[in-house]
Amino acid sequence: MAAVAPGTRVLVNDRADVAHAARHRGAAVHGVHLGQADLPVAEARALLGPDALVGLTAGTVDLVREAEARSGAHRPDYLGSGPFRPTPTKDVGRPPIGVEGYPLRVAATRLPVLAIGDVTLADVPALAASGIAGVALVREIMAAPDPGAVAAACLAAWER
């Protein structure tokens, strides 16, 4: 990935303890993405250090606004919002928001908003045009025979 996108950052999903252990062992892990029921943002920062990236899932506009109001160590670096569409990996109990749900979330915060929840490579151009800062592709990359090629295609689609 570093050859394709040197600015790529690796984050561990949900588990600040795993991110901490990996960083402690010298792995190139840059932070953690937390859900609403996971370790609080400030505690993850205390564990991982001030240079760590800490993201937070904010699946509703109200949660986006709540995150926007936070300050200091309690404020995440970015928000993951969704689900974009229903996903078999994690049922969050919220209806999918689709592309049309993102402009309202983007308008509610100065934090970067990323689309999460069964995003595919084919979705990237429309999502990029919605005003979000990025996308999280998991299953499509993990199931690909060549994950690097999918990641590179995603970056190219975003740039278009």
Side-chain angles (χ1 to χ4, degrees), residues 1-39 41 44-45 47-59 63-64 67 75-92 94-103 105-106 109-160:
M1 210 43 216
V4 174
T8 298
R9 299 293 175 255
V10 175
L11 302 176
V12 173
N13 192 38
D14 297 335
R15 299 286 306 270
D17 59 331
V18 172
H20 173 69
R23 287 167 63 98
H24 183 72
R25 291 185 175 115
V29 171
H30 301 92
V32 65
H33 180 86
L34 302 168
Q36 292 289 321
D38 295 330
L39 192 66
V41 170
R45 285 197 193 288
L47 178 65
L48 298 175
D51 65 323
L53 287 172
V54 180
L56 180 66
T57 297
L63 289 173
V64 169
R75 187 174 173 87
D77 296 306
Y78 72 90
L79 300 174
S81 198
F84 172 66
R85 71 168 52 92
T87 176
T89 57
K90 188 183 277 188
D91 181 6
V92 295
R94 290 185 309 273
I97 65 173
V99 173
E100 56 281 349
Y102 287 101
R105 285 158 172 78
V106 169
T109 185
R110 291 168 291 159
L111 292 164
V113 175
L114 282 66
I116 59 175
D118 205 35
V119 176
T120 68
L121 182 57
D123 302 317
V124 172
L127 286 166
S130 75
I132 62 171
V135 295
L137 270 74
V138 177
R139 287 187 319 118
E140 186 154 3
I141 289 175
M142 297 304 294
D146 184 353
V150 175
C154 178
L155 292 168
W158 184 268
E159 294 302 319
R160 274 185 278 196

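Just the heavy atoms: all of them, side chains too, but no hydrogens, waters or symmetry mates, feed the values below.
- Taking each heavy atom of G35 and D14 in turn, the nearest pair found is N-OD1, 3.8 Å.
- D17 CG to H24 NE2: the interatomic distance, rounded to the nearest 0.5 Å, is 13.5 Å.
- Between the side chain of E140 and the backbone N or O of V150 there is no donor-acceptor pair closer than 3.5 Å.
- Between V32 and L48, the closest heavy-atom pair is CG1-CD1, 3.7 Å.
- Nearest heavy-atom pair across A136 and V119 is O-CB, 3.6 Å.
- The shortest heavy-atom contact between H33 and L11 is N-CB, 4.5 Å.
- Residues P83 and D118 fail the side-chain proximity criterion, which asks for heavy atoms closer than 4.5 Å.
- At a threshold of 4.5 Å between non-hydrogen side-chain atoms, the residues I132 and L114 do not count as touching.
- Listed here is the closest heavy atom pair of V64 and A58: CG2-O, 3.6 Å.
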*Given Q36 and L56, is the side chain to side chain contact (heavy atoms under 4.5 Å, CB included) satisfied, shown in steps?*
CA-CA 7 Å; Q36 292 289 321; L56 180 66; 3.7 Å; yes
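- At distances below 3.5 Å, not a single donor-acceptor pair connects side-chain atoms of Y102 with backbone N or O atoms of I97.
- Between atom OH of residue Y78 and atom OG1 of residue T57 there is a gap of 7.5 Å, rounded to the nearest 0.5 Å.
- By the 6.0 Å contact criterion, CZ on R85 is enclosed, its count of non-hydrogen atoms from other residues, nucleotides or ligands being greater than 12.
- Taking all atoms of both residues into account, the shortest heavy-atom contact from A16 to L39 is CB-CD2, 3.7 Å.
- In this structure, CG on L34 lies 11.5 Å from CZ on R15, to the nearest 0.5 angstrom.
- Taking the side chain as every heavy atom from C-beta outward, V135 and D123 never approach each other to under 4.5 Å.
- Between the CG atom of L79 and the CZ atom of R105 there is a distance of 10.5 Å, given to the nearest 0.5 Å.
- Salt-bridge annotation for R23 and D51: present, with a side-chain N of the basic residue lying under 4.0 Å from a carboxylate O of the acidic one.
- Proximity of L111 to R75: side-chain heavy atoms (C-beta onward) are separated by under 4.5 Å at one or more points.
- Here the side chain of D77 pairs a donor or acceptor atom with the backbone of V54 at under 3.5 angstrom.
- Separating the CD1 atom in I116 from the CZ atom in F84 is a distance of 12.5 Å, to the nearest 0.5 Å.
- Rounding to the nearest 0.5 Å gives a distance of 11.0 Å between OG1 of T120 and CD1 of I141.
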